[in-house]
Amino acid sequence: MQEKYQPQEVELAAQAHWQKTGAARAVEDADKPKYYCLSMFPYPSGKFHMGHVRNYTIGDVLSRFYRMQGFNVLQPMGWDAFGMPAENAAIQNGAPPAEWTYSNIEYMKGQLQRLGFALDWERELATCRPDYYRWEQWLFTRLFEKGLVYKRFGTVNWDPVDQTVLANEQVIDGRGWRSGALVEKREIPMYYMKITAYAEELLAGLDRLPGWPEQVKLMQKNWIGKSEGVRFAFPYEIDGKAEKLWVFTTRADTIMGVTFVAVAAEHPLAAHAAKTNPELAAFIEECKQGGVAEADLATMEKKGLPTGIFVTHPLSGEKIEVWVGNYVLMGYGDGAVMAVPAHDERDFAFAKKYGLPIVQSVGATIDGKEQVFSTDAWQEWYASKDSYCVNSGKYTGLAYQQAVDAIAADLAALGLGGKKVQFRLRDWGISRQRYWGCPIPIIHCDSCGDVPVPDEQLPVVLPENVSVTGAGSPLAKMPAFHECVCPKCGRPARREIDTMDTFVESSWYFLRFCCPDNDRAMVDERVAHWCRGGIDQYIGGIEHAILHLLYSRFWTKLMRDCGLFGEERLDEPFANLLTQGMVVAPTFYREDAEGRKTWINPAEVELSTDERGRPVAARLRADGQPVSIGGIEKMSKSKNNGVDPQALIDQYGADTARLFIMFASPPDQSLEWSDAGVEGAYRFLKRLWRIVFEHVSVGIAPAFAGGELPDGLKTFRRQLHQTIGKVADDYGRRRQFNTAIAAVMELLNAYARLNDDSAPARAIRQEALEAVTLMLYPIVPHLCEALYAELRPGHAAGEQAFPRADAGALARDEIELVVQVNGKLRGSIKVPTGADEGAIGAAAVASEAAQRQLQGGAPKKVIVVPGRLVNIVI
RNA sequence: GCCCGGGUGAUGAAAUCGGUAGACAUAGCGGACUUAAAAUCCGCAGCCGCAAGGCGUACGGGUUCGAUUCCCGUCCCGGGCACCA
C-alpha cells in the first residue's frame with residue numbers, strides 16, 4: 001500500500017475498474033427489488049456548475065447506498081437539450097445551436113464521468129434528437145385529436161424593434177434586453193394543453209404523496225388554487241340588447257357593498273366604451289405597455305378609468321358603474337371583478353384614490369366588542385370572514401356561510417348565477433416562437449384547418465444546419481421546411497413553425513430512460529418494471545417545485561389515459577422527492593466613477609481577517625488593491641462568484657469535492673462555498689488514508705468475531721455500532737448526509753485515542769476500519785474502493801452489503817441522566833439501565849446538585865423523562 | 001403584490017417526537033515535532049464575570065415543569081409567480 005494518498009491515481013483506477021465490471025449497468029431483474037434513482041437532467045450549457053455537482057452527488061450517494069442494501073438500482077442521465085441559450089450562443093458566435101449543444105454534451109459527459117457517478121450511460125438520451133422528440137410529437141397528435149390540445153389566442157411580450165416575441169426573462173424593466181425598446185403585449189394564436197381538466201386530480205393526488213416535502217405540496221396546492229365561491233352576472237343593456245357581465249367572487253356575502261365593477265383592459269366592454277371615449281382608448285393603449293409577467297403586473301401602480309357604462313346590481317337593482325382597471329387580468333376567470341371597497345384592501349385603496357363610494361356591508365365583533373367601521377383607514381377586520389352582514393337588506397345578520405348560501409340561492413333563482421368551484425390554475429400554453437425546440441406537428445390547410453401530422457410522417461425533423469439572427473424563427477425562411485401538402489386533401493399547405501415549450505420534453509424523459517432504445521413505441525413494459533409504485537427517488541432544485549414537477553405529474557396522467565402503461569396504473573411519477581438547496585458564494589466587486597460594478601471572482605481575491613477570524617478586508621491578488629465585499633448569493637455568471645468544479649477536481653480529486661459538498665450542509669438547505677472547507681475535507685481523506693495505512697502496515701488482522709472485551713474496547717465498539725446504526729438511518733431515512741459524516745469523524749477521533757495494540761484491539765481496529773470504508777463508500781467511493789481492497793484483498797467495497805449494527809455491542813448496564821432544577825441544568829446522576837421512574841426521581845432529588853438548590857426543602861414536583869433527564873420543580 | 005422557505009458562536013452547521021444549546025468541521029489562539037517552514041499531532045475556545053453565577057438560538061409577546069422546536073405579531077434574507085431551465 002502506498003503511504004501517500006494520491007487522489008488522481010486512486011480515482012482513475014477505481015473508475016477503470018467500475019467501467020470494466022459494468023458496475024453501473026441496470027438490467028431488469030425480477031429477483032431483486034428495484035430502486036430507480038433519478039436526478040434532474042441538466043441543460044447542456046457548456047460546463048457544470050456546483051449546483052449540478054451537488055445534485056448528482058446526492059443521487060450517486062443514494063444509488064450506491066441502495067445498491068449495498070441489496071436493491072437493483074437504475075441511475076440514468078440525459079440532456080435537456082432544447083432551449084434559448086443555444087440560440088443566444090448562435091447569435092453571438094454564428095455556430096448552429098445543434099453543433100453548440102452537441103459539443104457541450106460531449107464535454108459535460110466527460111465531467112460527469114470524472115466525478116465517478118455510477119450512471120448507466122447505455123440509457124443516455126438527448127431531447128433534441130429526433131428519436132426522442134418524435135414520441136412527443138406523436139403524443140401531441142393523440143392529445144390534439146382528444147381535444148386535450150387546442151388553439152386560442154394568448155398574450156406574449158412583443159419587442160417592436162426586433163420584431164420578435166420575448167421570454168419574460170428577456171424583458172428587463174419593461175424593455176427588450178437587446179433592443180432596449182418598450183415591450184408591448186400582443187395577442188397571438190397558440191396551442192394550449194388542457195391541464196385544467198386535471199386540476200382536481202392534480203390537487204387530490206398531492207395527499208397521496210407522503211414522500212414529498214410538505215413545502216412543495218403546499219406550493220402546488222396554492223398554485224392550483226381551488227376556491228369555492230359564486231359566479232354571477234350584472235345585467236346591462238347595450239345598443240338595445242340585453243347582456244350580462246360575469247364575475248367570480250369568494251366573498252358573495254359582501255355583495256351588498258359593491259360600489260363598482262372593474263374589467264380588464266382587454267375586456268370587450270372596455271373596447272366597446274373606448275370607441276366613443278378617446279381618453280379611455282388611450283388608457284387601454286397604455287395598459288398594453290409592459291410585459292406579461294405576473295410579478296410586474298402585481299407590483300405596478302393600480303390605475304383605472306370609468307367607462308360610462310352602467311350595469312344593474314342583481315340583488316339591489318342599483319346602477320353600478322363599470323371601470324377599466326389595469327390590475328384586472330383577462331386570463332383569470334371572466335376578466336372582470338366586483339369591487340367592494342369596504343371589504344377588500346385593494347378595492348379600498350382604489351376607491352380612496354378615485355373618490356369612489358365605500359359602503360360597509362359586513363361587521364365583526366371581536367372580544368365582545370362590536371367593531372366600528374370608518375372609511376379613514378383600512379383595518380384588518382374589514383376583510384374577515386368571521387363576520388355577519390350589515391346594511392344588507394334581507395341578509396342582514398347572517399354569518400359568512402349562511403349569507404353566501406342565501407345569496408347564491410337567490411342569484412340562481414334569478415337565473416343570474418350560483419355557486420362555482422374556480423381554479424387559479426390556467427391551461428398550459430406550449431407554443432414558442434423559437435427555432436431550437438421540438439416542432440409542433442400540425443399542418444395548416446386553407447380548406448381543412450389545423451391537421452395533425454399523420455404517424456407515418458413523424459417525426460417532423462427540425463433542420464439543424466441553420467443560421468440564427470435573433471429576429472424571428474429561421475424556419476420561417478425555410479420553404480423546404482414549411483411548405484408541404486395537406487395530409488387530408490392533398491392541396492398545398494403550411495407547416496407550423498412554432499416549437500414546443502421545453503418543459504414538454506422534461507415532462508416525460510424519466511419514462512423514456514426505461515426504454516430509450518425502443519423505436520416502435522414511446523414507452524414499453526420496462527416502464528412498469530422501473531416505475532412501479534413511482535420513481536423511488538427524484539432529486540433536484542427547489543426552484544422546480546411548481547412548474548416542472550406539476551407538468552410532469554400532468555403528462556404522466558395524460559400518458560396513462562392514452563393507455564400507454566397498459567395494465568400498470570401509474571398515476572404519479574415520483575414517489576419520493578428531495579429538493580436540494582442552492583449553492584451560494586460570497587461576492588466581491590469594484591465600482592467605477594458612475595457606480596457601475598465589476599464583479600470579481602472569489603478565486604482572485606485574498607481575504608484578510610482580524611485576530612478572531614472575522615473577514616475585515618479583501619484585495620485582488622493580481623494588483624494587491626482593495627475590493628468591496630458584497631453579499632452571499634447564488635453562484636451565477638452575472639455576479640461572477642461561481643467556482644468551477646473542474647478546477648476543484650484537478651486540484652483535490654472528485655472525492656474531496658463530493659465529501660465537501662455533502663458535509664457542508666444538509667441537502668435541502670443552501671450550501672455556502674468555502675475554500676477552507678474544501679481543504680478540511682481533503683485533510684480528512686488524507687487522515688483516513690494514513691490511519692488505514694498505519695493499520696495495514698502492521699499487518700491486517702481478522703475482524704473481531706465475538707468474546708469478552710476490556711472496558712475501553714467495549715466502549716469503543718459500542719460507539720462503532722451506534723455509528724453504523726446512525727449512518728444507515730441518516731442515509732436511508734433522514735437523507736441527512738452531513739451528520740452521517742460527522743458521526744464517522746467522531747468515530748475516527750475515538751479510534752485515534754484507542755492507544756491499545758493488543759490482539760483484541762487489532763481485531764476491533766480491523767472491524768472498525770472495514771465498517772468505516774463501507775460507510776463512507778457512497779460518498780467517497782474511489783478512496784473507499786482503494787482502502788477496502790487493502791483491508792480485505794480481493795474484495796470490492798461496492799459489492800459488499802452495507803454494515804449492520806450488532807445489538808449485542810449496543811447493550812449497556814448504566815446510563816447517565818441530567819438533573820434539572822426548574823428547567824435549568826444543575827448536575828447529573830448515573831442509574832442502572834432498567835431503573836424504575838420512582839427510583840430515578842429519588843436518586844435525582846438525593847443528588848448533591850439538587851440538595852444544594854433545595855436547601856433542605858421538599859420539591860414541589862419531580863418530572864422523570866426516561867433515558868433523558870429529571871426535572872425537579874421547587 | 002401573492003405563494004413557499006429560512007434566520008443558532010468569527011464561519012458552515014448539530015440538537016431526529018417539546019427534554020443537557022453549539023456535536024462535527026472551518027477560521028483563530030496556545031503547545032509538541034522541526035535549524036526553519038510546510039505537513040502532522042495535542043490542547044483551548046458562545047458572551048459577561050476572578051469566581052459563584054447570570055445571559056444567550058433575528059426581534060416582541062404567549063403556551064409549558066421545560067421552547068432553537070408549538071402559537072400570535074414584527075423585521076430581515078432567499079426561492080417561485082405560468083416564455084430562464
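Computed from a prediction, not measured in an experiment: that's the story for all the values here. Numbers restart at 1 for each chain; the letters A, B, ... are given by sequence-line order, proteins then strands.
- At whole-Å resolution of the value, CZ in Phe82(A) and P in C83(B) are 18 Å apart.
- To the nearest 0.5 Å, the span separating CD1 on Ile542(A) from CG on Asp668(A) amounts to 8.5 Å.
- Regarding the sugar-base torsion, C50(B) falls in the anti class, its angle being beyond 90° of 0.
- When heavy atoms are screened at a 4.0 angstrom cut-off, Phe503(A) is found touching base atoms of the nucleic acid.
- Residue-level contact check: Ala545(A) touches neither bases nor backbone, having no heavy atom under 4.0 Å from any strand.
- Both Asp501(A) and Ala681(A) lie close to RNA chain B; mapped to their nearest nucleotides by heavy-atom distance, the more 5′-ward contact belongs to Ala681(A).
- In this structure, Gln433(A) reaches the bases: a heavy-atom distance under 4.0 Å links it to at least one base atom across the strands shown.
- Contact annotation: Gln736(A) reaches the phosphate of A15(B) (side-chain N/O to OP1 or OP2, under 4.0 Å).
- By the neighbour-count criterion of 12 heavy atoms within 6.0 Å, atom CG of Asn749(A) is densely surrounded, having more than that number from other residues, nucleotides or ligands.
- For Arg690(A) and C41(B), the shortest distance from a side-chain N or O to OP1 or OP2 is below 4.0 Å.
- With RNA chain B read from its 5' end, the first of the two nearest nucleotides for Arg852(A) and Thr299(A) is the one closest to Thr299(A).
- Among the protein residues, Asp730(A) comes within range of no part of the nucleic acid, since none of its heavy atoms lies under 4.0 Å from any strand.
- Residue Asn88(A) places none of its side-chain N or O atoms closer than 4.0 Å to OP1 or OP2 of C84(B).
- Using cut-offs of 30° and 60° on the angle between ring planes, the pair Phe48(A) and His52(A) is perpendicular.
- In this entry the distance linking CG of Asp296(A) with P of C84(B) reads 12 Å, nearest Å.
- Within 4.0 Å (heavy atoms only), Leu550(A) reaches no atom of the nucleic acid at all.
- Among the atoms of the strands shown, only primed sugar atoms or phosphate atoms (P, OP1, OP2) are found under 4.0 Å from some heavy atom of Arg683(A).
- For A14(B), one of the phosphate oxygens OP1 or OP2 lies less than 4.0 angstrom from a side-chain nitrogen or oxygen of Asn738(A).
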Readout for nucleotides 60-68 of chain B: B = base within 4.0 Å of protein heavy atom, S = sugar-phosphate only, - = neither; 5' to 3' it is -----B---

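- At the heavy-atom level, Glu294(A) lies under 4.0 Å from base atoms of the strands shown.
- Using a 4.0 Å heavy-atom distance criterion, Pro666(A) is classed as a sugar-phosphate-only contact.
- Listed nucleotides A15(B), C83(B), G80(B) differ in distance to Glu543(A); the shortest reach to its side chain belongs to G80(B).
- Put simply, Arg826(A) has no side-chain N or O that comes within less than 4.0 Å of OP1 or OP2 on U20(B).
- Contacts of Arg735(A) with the nucleic acid, taken as non-hydrogen atoms under 4.0 Å apart, are absent.
- The phosphate of C83(B) (OP1 or OP2) has no side-chain N or O of Arg426(A) nearer than 4.0 angstrom.
- One interatomic measurement links the two molecules: CG of Leu748(A) to C1' of A25(B), which rounds to 14 Å at whole-angstrom precision.
- Contact annotation for Lys726(A): base contact, defined as any heavy-atom pair under 4.0 Å involving a base atom.
- Look at G19(B): its Watson-Crick or wobble partner, with both distances under 3.5 angstrom, is C65(B).
- Residue-level contact check: Val216(A) touches neither bases nor backbone, having no heavy atom under 4.0 Å from any strand.
- Remark: Thr502(A) is in phosphate contact with A85(B), judged by side-chain N or O atoms under 4.0 Å from OP1 or OP2.
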